[in-house]
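Read the structure below first, then the notes.
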2 protein chains.
Amino acid sequence: MNIIDEAGLLALATRLQRLSERMRKDGEDIYKAMGIHFQPKWFPVIYVLLHRNTLSVVEIAGEIGYSHPSTITLLKELEKEKLIRSGKDKADERKRLLQLSAKGRKLVTQMEPVWDIITAATIDLIDTQHNLMRAIEEVEERFRLQSFLQRALSLIKAHKEDDATGS
Amino acid sequence: MNIIDEAGLLALATRLQRLSERMRKDGEDIYKAMGIHFQPKWFPVIYVLLHRNTLSVVEIAGEIGYSHPSTITLLKELEKEKLIRSGKDKADERKRLLQLSAKGRKLVTQMEPVWDIITAATIDLIDTQHNLMRAIEEVEERFRLQSFLQRALSLIKAHKEDDATGS
DNA sequence: TTTATTTATGTAGTTAACTACGTAAATTTG
DNA sequence: CAAATTTACGTAGTTAACTACATAAATAAA
């Protein structure tokens with residue numbers, strides 16, 4: 001038990017990050033062990049293009065929840081790997097439309113059994129009493145209703161009103 | 001519902017990271033709203049020095065679960081802010097011993113009510129059916145028993161053995 | 001008691017995200 | 001329809017973590 005575990009709720013962000021990093025690093029090793037040249041950070045882009053077929057840069061960024069410059073960096077890497085291809089939108093000259101390439105689609109079919117294993121291993125890891133996936137979904141839902149900041153500010157306000165009443 | 005939410009378990013690492021970033025950013029704004037010049041990333045170091053009093057660089061790194069170079073960077077910032085001070089260990093010339101400064105201890109007393117608010121806001125956010133804190137504790141415990149990679153490799157092995165038996 | 005190994009700290013360079021800003025195309029408004 | 005605004009994309013620079021390597025002190029081994 002280190003101090004971050006002891007600090008509990010105050011260090012929650014740190015612990016979430018640590019867990020995320022560990023999973024991503026292991027993810028990388030799983031692909032490697034299966035002889036597949038693929039980085040976990042590419043997954044969101046590949047997955048969205050698999051399911052939505054053709055999207056612009058900003059649309060992809062929106063779907064994966066990243067800023068558009070970060071998305072552009074990922075797209076550059078994926079084009080270099082020839083897993084995706086891009087072309088101008090004829091209807092709107094500002095837009096660049098992205099798709100999986102033949103190589104990309106082929107890699108996806110190779111990865112699908114690996115994705116099944118990753119999913120199974122994830123279930124093996126997180127299917128505890130307080131299921132992590134459910135917990136995240138529930139917290140994201142609460143975030144949608146009111147941000148962490150707003151919750152804190154409400155508490156501060158309530159605290160100040162208590163003081164005023166008590167004097 | 002974006003594609004990352006739909007991808008579910010495969011994109012768990014991405015979602016953990018996103019949640020962590022949102023909480024950290026809001027944390028920064030909470031300190032700001034309370035007129036306290038403090039960055040959430042400093043918390044682990046300050047908290048460990050508050051509770052362990054005097055520690056070396058590597059000891060701090062171990063406690064907060066960061067690499068020692070990352071820790072050194074944090075320590076430099078905190079020394080610049082004059083929240084901590086350091087001196088050589090007389091018994092071991094290699095070691096640099098860190099402590100909270102008077103200014104650091106004073107800031108801690110100012111922050112303690114804010115920490116209470118952050119804790120309360122966190123409870124408000126995560127106290128759902130599948131409590132996130134419990135979920136993380138349970139997953140970390142499982143990680144200790146067997147890594148994500150090892151779990152996946154076991155599944156791959158089991159899968160291959162099935163194939164062999166089936167032929 | 002030299003020599004080899006380990007431990008503690010530090011530096012340099014990398015990575016993967018970000019924000020801020022700039023340009024060009026499309027759209028809306030006066 | 002000309003001007004202003006918005007949208008889409010891109011570049012530059014920042015940040016907060018990391019790994020790899022270097023050096024010096026302490027400890028262990030020959």
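Fair warning: this is a prediction, and the values are worked out from it, not measured in the lab. All chains are named by letter (A, B, ...) in the order of the sequence lines, taking the proteins before the strands, and each is independently numbered beginning at 1.
- For B:Leu74, taking side-chain heavy atoms from C-beta onward, the closest of the listed nucleotides C:dC18, C:dG10, D:dA17 is D:dA17.
- The side chain of B:Gln39 contributes no N or O atom lying less than 4.0 Å from OP1 or OP2 of D:dT15.
- Note on A:Lys76: a side-chain N or O is less than 4.0 Å away from OP1 or OP2 of D:dT11.
- When distances are taken from the side chain of B:Glu93 to each of D:dA26, C:dC18, D:dA17, the shortest belongs to D:dA26.
- Both A:Glu21 and A:Val57 lie close to DNA chain D; mapped to their nearest nucleotides by heavy-atom distance, the more 5′-ward contact belongs to A:Val57.
- At a threshold of 4.0 Å, the pair B:Glu21-B:Arg24 does not count as salt-bridged, since none of the basic side-chain nitrogens sits closer than that to a carboxylate oxygen.
- In this structure, B:Ser67 reaches the D:dC18 phosphate: one of its side-chain N or O atoms is under 4.0 Å from OP1 or OP2.
- Between A:Leu97 atom CG and D:dA8 atom C1' there is a gap of 11 Å when expressed in whole angstrom units.
- Rounded to whole Å, the distance from CG on A:Leu75 to C1' on C:dA16 is 14 Å.
- Atom-to-atom, NZ of B:Lys41 to C1' of D:dC18 comes out at 14 Å; the value is rounded to the nearest Å.
- In this structure, A:Arg22 atom CZ and D:dC18 atom C1' are separated by 16 Å, rounded to whole Å.
- If you find the closest nucleotide of DNA chain C to A:Lys90 and to A:Glu77, the one lying nearer the 5' end belongs to A:Glu77.
- Here the P atom of nucleotide D:dA16 and the CZ atom of A:Arg18 are 19 Å apart, to the nearest Å.
- Between the CD1 atom of B:Ile84 and the NZ atom of B:Lys103 there is a distance of 12.0 Å, given to the nearest 0.5 Å.
- Atoms CD1 (A:Ile60) and P (D:dA8) sit 13 Å apart, rounded to a whole Å.
- Between B:Glu63 and B:Arg52 there is a salt bridge, with a side-chain nitrogen of the basic residue lying less than 4.0 Å from a carboxylate oxygen of the acidic one.
- If you check C:dA8, D:dG10, D:dC18 against the side chain of B:Lys95, the one that comes closest is C:dA8.
- Of the two residues near DNA chain D, A:Lys25 and A:Asp92, the one whose nearest nucleotide lies more 5' is A:Asp92.
- The distance from atom CG of B:Asp89 to atom P of C:dT9 is 9 Å, rounded to the nearest whole Å.
- In the set C:dA17, D:dA8, D:dA26, the nucleotide with an atom closest to the side chain of A:Tyr66 is C:dA17.
- Looking only at atom types and distance, the side chain of A:His130 has no donor-acceptor partner in the side chain of B:Glu137 under 3.5 Å away.
- When each of D:dG10, D:dC18, D:dA17 is scored by its nearest atom to the side-chain atoms of A:Ile72, the top-ranked nucleotide is D:dG10.
- Close to D:dA16, at under 4.0 Å from its OP1 or OP2, lies no side-chain N or O of A:Gln17.
- Look at A:Glu79 and A:Arg96 and you find a salt bridge, because one of the NZ, NE, NH1 or NH2 atoms lies within 4.0 Å of a carboxylate O, short of that distance.
- Counting only heavy atoms from C-beta on, A:Ser56 has its side chain closest to D:dC9 among D:dA24, D:dC9, C:dA12.
- Distances from the side chain of B:Arg96 to the nucleotides C:dG10, C:dA17, C:dT11 place C:dG10 closest.
- Here D:dT15 presents its C1' atom at 14 Å from CH2 of B:Trp42, a figure rounded to the nearest Å.
- Within the structure, a side-chain polar atom (N or O) of B:Arg24 is placed less than 4.0 Å from OP1 or OP2 of D:dA17.
- Side chain B:Arg94 to base C:dT9: no donor-acceptor pair is found below 3.5 Å.
- Proximity of a side-chain donor or acceptor of A:Arg85 to a complementary backbone N or O of A:Gln99 within less than 3.5 Å is not detected.
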